[in-house]
Number of protein chains: 2
Amino acid sequence: METIGQIIRNKREHLGLLLRQLAASLDIDPAILSKIERNERKPNKELILKLAEILELDKEELLAQYISDKIAYDIAEEDCADRVLKLAEKKVQYIKTHSVKS
Amino acid sequence: METIGQIIRNKREHLGLLLRQLAASLDIDPAILSKIERNERKPNKELILKLAEILELDKEELLAQYISDKIAYDIAEEDCADRVLKLAEKKVQYIKTHSVKS
DNA sequence: TATATATTTGACAAATAATGTCAAGACAAT
DNA sequence: ATTGTCTTGACATTATTTGTCAAATATATA
């Protein structure tokens with residue numbers, strides 16, 4: 001299973017970009033990008049969208065990977081992870097059907 | 001659909017406890033508990049476990065409600081919520097099967 | 001080996017978010 | 001009006017996230 005960091009690093013290298021070059025495009029310090037690619041630090045949503053743009057990756061897909069990573073990390077340690085995900089699904093449905101459409 | 005706050009308030013009132021009494025048992029300010037019961041502030045895991053203990057609620061169940069609340073809140077705004085949950089499920093499986101058993 | 005370039009690491013600062021404290025306000029019952 | 005309960009909001013404290021930087025490490029090549 002490929003991590004977010006691996007996806008980013010693979011794509012960057014495939015495009016022949018240096019870490020500092022991509023970092024410059026993203027307007028962040030190369031040290032941060034290095035840590036993100038090694039999954040030592042988590043990118044935020046804004047950065048994910050920028051990355052998808054620059055690396056020509058599907059925005060929705062990368063975002064889904066990013067959010068699911070966060071969730072998996074949150075609940076992996078719990079032994080009720082399956083139940084949690086089922087409940088979350090229900091709640092999302094509920095929120096969607098009951099929220100005010102803008 | 002019952003929220004965490006509602007579950008707590010219902011049970012507290014059913015047990016005939018005043019807000020300040022339960023707050024004292026939990027060793028928190030009544031203002032905080034008031035906000036938690038109205039879902040204005042989120043309890044943390046430690047508090048959830050204390051609450052389950054004192055209110056005689058199932059620990060696993062309350063914890064599952066609490067975590068799924070957090071997740072649903074995180075992803076409800078995304079329009080790829082379903083995909084995110086499916087991915088999270090896979091990742092949890094992966095983490096579980098690949099993590100070192102203590 | 002020496003030099004240049006790229007990445008990693010860790011210490012630290014700054015910004016942001018979570019949590020705790022408190023007093024005044026609102027509400028209901030008597 | 002007084003008492004008791006809960007709510008609200010301003011503020012302080014603490015924790016977490018995010019950003020900055022320079023030194024250390026790694027890699028390649030003359």
Side-chain angles (χ1 to χ4, degrees), chain A residues 2-55 62-63 65-78, chain B residues 2-55 62-63 65-78:
Chain A
E2 208 176 14
T3 66
I4 285 273
Q6 286 167 341
I7 293 171
I8 295 168
R9 173 152 293 185
N10 284 346
K11 190 67 183 181
R12 173 176 65 79
E13 292 180 339
H14 190 256
L15 291 174
L17 290 171
L18 292 176
L19 214 150
R20 68 175 161 76
Q21 291 174 322
L22 179 54
S25 295
L26 294 166
D27 194 30
I28 61 172
D29 193 285
I32 294 176
L33 184 54
S34 169
K35 284 167 187 167
I36 288 171
E37 290 188 349
R38 287 169 296 106
N39 300 298
E40 190 189 320
R41 187 175 289 203
K42 287 180 198 164
N44 58 29
K45 187 175 170 178
E46 186 196 355
L47 196 60
I48 286 291
L49 294 176
K50 277 193 199 172
L51 276 163
E53 184 76 33
I54 296 170
L55 295 181
L62 199 61
L63 207 51
Q65 289 288 344
Y66 155 71
I67 301 170
S68 61
D69 256 20
K70 256 200 319 186
I71 292 173
Y73 174 85
D74 274 357
I75 68 176
E77 73 211 355
E78 306 294 338
Chain B
E2 209 176 13
T3 67
I4 285 273
Q6 285 166 343
I7 292 171
I8 294 168
R9 173 151 294 184
N10 284 347
K11 190 67 184 181
R12 174 177 65 78
E13 292 180 340
H14 190 257
L15 291 175
L17 290 172
L18 293 177
L19 210 151
R20 68 175 161 76
Q21 291 174 322
L22 178 55
S25 295
L26 294 166
D27 195 29
I28 62 173
D29 193 285
I32 294 177
L33 184 54
S34 168
K35 285 166 186 167
I36 287 171
E37 289 188 350
R38 286 171 298 106
N39 300 298
E40 190 188 320
R41 187 176 288 204
K42 288 180 197 163
N44 56 28
K45 187 174 169 178
E46 187 197 354
L47 196 60
I48 285 291
L49 294 176
K50 276 194 199 173
L51 275 163
E53 184 76 34
I54 296 170
L55 296 181
L62 199 60
L63 207 51
Q65 289 289 343
Y66 155 71
I67 300 170
S68 60
D69 256 21
K70 257 201 317 189
I71 292 173
Y73 173 85
D74 273 358
I75 67 176
E77 72 211 356
E78 306 294 337

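Hydrogens, waters and symmetry mates play no part in the numbers below; they use all other heavy atoms, side chains included. In this text the structure is predicted, and so the values were computed from the model without any measurement. Lettering follows sequence order; numbering is per chain, from 1.
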Taking only heavy atoms on the protein side, list every residue of residues 26-39 of chain B lying under 4.0 Å from any atom of DNA chain D, sorted numerically.
B:A31, B:S34, B:K35, B:R38
If you compare all heavy atoms of B:E2 against all heavy atoms of B:Q6, which two are closest, and at what distance to 0.1 Å?
CA-OE1, 3.2 Å
I need the CG-C1' distance between A:L19 and C:dT8, as an integer number of Å.
9 Å
In whole angstrom, what separates A:L47's CG from D:dT18's P?
10 Å
Separation of A:D74 CG from B:I71 CD1 (nearest 0.5 Å)
6.5 Å
The single option from B:K42, B:R12, B:K11 that satisfies salt bridge (charged side-chain N to carboxylate O under 4.0 Å, His left out) with B:E37 is B:R12
Applying side chain to side chain contact (heavy atoms under 4.5 Å, CB included), run through B:L47 and B:I36 and close with a yes or a no.
CA-CA 10 Å; B:L47 196 60; B:I36 287 171; 3.4 Å; yes
Let me know the distance between NZ of A:K42 and C1' of C:dT16, rounded to the nearest Å.
16 Å
Figure out the CD/P separation between B:E13 and D:dT5, and round it to whole Å.
14 Å
Residue pairs, two or more places apart or on separate chains, that pass side chain to side chain donor-acceptor pair (under 3.5 Å) and touch residues 46-55 of chain B
B:E53-B:K59
Grab the CZ-C1' distance between A:R20 and C:dA6 for me, whole Å please.
8 Å
With respect to the phosphate group of C:dT8, does any side-chain polar atom (N or O) of A:R9 fall under 4.0 Å of OP1 or OP2?
yes
Under 3.5 Å, side-chain donor or acceptor atoms of residues 20-33 of chain B against the rest of the protein: list the pairs with distances, not counting sequence neighbours.
unit_1	atom_1	unit_2	atom_2	d
B:Q21	OE1	B:L18	N	2.7
B:S25	OG	B:Q21	O	3.3
B:D29	OD1	B:A31	N	2.8

Any donor-acceptor pair under 3.5 Å from A:E78 side chain to A:I75 backbone:
no
Protein-proximity profile, nucleotides 25-30 of chain C, B/S/- by nucleotide at the 4.0 Å heavy-atom cutoff, equals ------
Between CG of B:L62 and NZ of B:K45, what distance do you get to the nearest 0.5 Å?
12.5 Å
Nearest-nucleotide wise, let me know which of B:Q21 and B:R41 is further upstream toward the 5' end of DNA chain D.
B:Q21
What is the distance, rounded to the nearest whole Å, between atom CG of A:N44 and atom P of D:dG19?
7 Å
Which residues share a side chain to side chain contact (heavy atoms under 4.5 Å, CB included) with A:R38, sequence neighbours left out:
A:R9, A:S34, A:K35, A:E40
So, applying side-chain contact (heavy atoms from CB on, under 4.5 Å) with B:L49, which one of B:I54, B:L63, B:N44 is it?
B:L63
Starting from C1' on D:dC6, measure out to CD on B:E40 and report it in whole angstrom.
13 Å
Using a cut-off of under 3.5 Å, enumerate the N/O to N/O pairs linking the protein to nucleotides 26-30 of chain D.
none

Between CD of B:E46 and P of C:dA18 the distance, given in whole Å, is 17 Å
To the nearest 0.5 Å, what is the distance between CD1 on A:I4 and CG on A:L51?
9.0 Å
